[in-house]
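Atoms within a ligand are numbered from 1 in the order they appear, just like the ligands themselves. Numbering of residues begins at 1 and proceeds along the displayed sequence.
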Amino acid sequence: MTSPQLLLDQLAAEIRACRKCPLGRLRTHAVPGEGPADAELMFVGEAPGYYEDKQGRPFVGASGQLLEKLLAGIGLTREDVFITNVVKCRPPANRDPLPAEIEACVPWLQRQIDLIDPLVIVTLGRFSMAQFFPPTARITRIHGKPLVQEDRAIIPMFHPAAALRNPNWMRDMEADFAQIPELLERMRAKRAEKRRGEEGPQQLRLF
Ligand code: SF4
C-alpha cells in the first residue's frame, strides 16, 4: 500500500507541473505546501508572495516568522503542521487571486485535505475563509470562532500579514491561536468517539 506521505509528495509533484490557470505561466515556482501527511493541524493561507514564489515554500518572510512565533507559543513548530495556500502560484504583484484562478486551484487543496485528514484547519485571511464559510461571513466578526463539523474544526483567523499591519488584529490573532490546543484536544476526543462508533458494529458481528 502506498504511504500517505508518498501520496502527498506525488500530489505536490502534480501541483508543481500544473498549468490549469494563467498563473502557471507567470510563476517561478508553484508552492504546493509542506508538512507531514499525518499533521493534525493545517494552515491555509491565500496565495504565495514574492519570497514564496522564489523559494517554492509557503510562508517564508515576515508572515512565516510570525506564524512560527505563534506556533512556538502553543508548543509547536512548523514541522508539526501542514502549511499551504488556496492558490498555489503567485498572482502578479501580489494582487488578489481571481475567482477563476481560485476555482481552478481549489481541487488541489481539497485533495490535500482528503489525504491529510486534519483535525483542525486554520484559515488565514478572507480568501481562505471563503472556502469554508458562507460569502456573508466577515473575518472581523467570526475570527476565532470555530466551525465544528463531525470530527474536524475549521477556525478562521486573520492573515499574518494583516496582523503585522494592525496591532489590534495582532492581539486578536494571539488570542485565537491560544485556543488551538484545546480545540485539538476536543477534536481528538470526537474522532476517537467516531472511531469507536465505527468499530462497534464490526465487533458485534464477531459474536
Ligand atoms: S494557481 Fe493552481 S491551478 Fe493555477 S497553475 Fe498554479 S497550481 Fe495550477
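- The hydrophobic cluster around Val60 extends to Tyr50, Tyr51, counting ILVMFWY residues whose side-chain heavy atoms fall within less than 4.5 Å of a member.
- Residue pairs meeting the side-chain hydrogen bond (donor to acceptor under 3.5 Å, both in side chains) criterion with at least one member in residues 54-64, sequence neighbours excluded: Glu34-Arg57.
- The shortest distance between side-chain heavy atoms of Ile154 and Met42 does not fall below 4.5 Å.
- We find that Glu185 and Arg188 are joined by a salt bridge, their nearest charged nitrogen and carboxylate oxygen being less than 4.0 Å apart.
- For atom 2 (Fe) of ligand 1, the neighbouring protein N/O/S atoms at less than 2.8 Å, given as residue and atom, are Cys105 SG.
- In this structure, the side chain to side chain contact (heavy atoms under 4.5 Å, CB included) partners of Pro107, at least two apart in sequence or on a different chain, are Lys20.
- Atoms of ligand 1 found under 4.0 Å from any heavy atom of Arg27, numbered from 1 in the order shown, are 5 (S), 6 (Fe).
- Under a 4.0 angstrom heavy-atom cut-off, Arg25 registers as lying outside contact with ligand 1.
- Leu76 has its side chain within reach of Leu41: a pair of non-hydrogen atoms, C-beta onward, lies under 4.5 Å apart.
- Under the 4.5 Å side-chain criterion, counting only non-hydrogen atoms from C-beta, Phe59 is in contact with Pro160.
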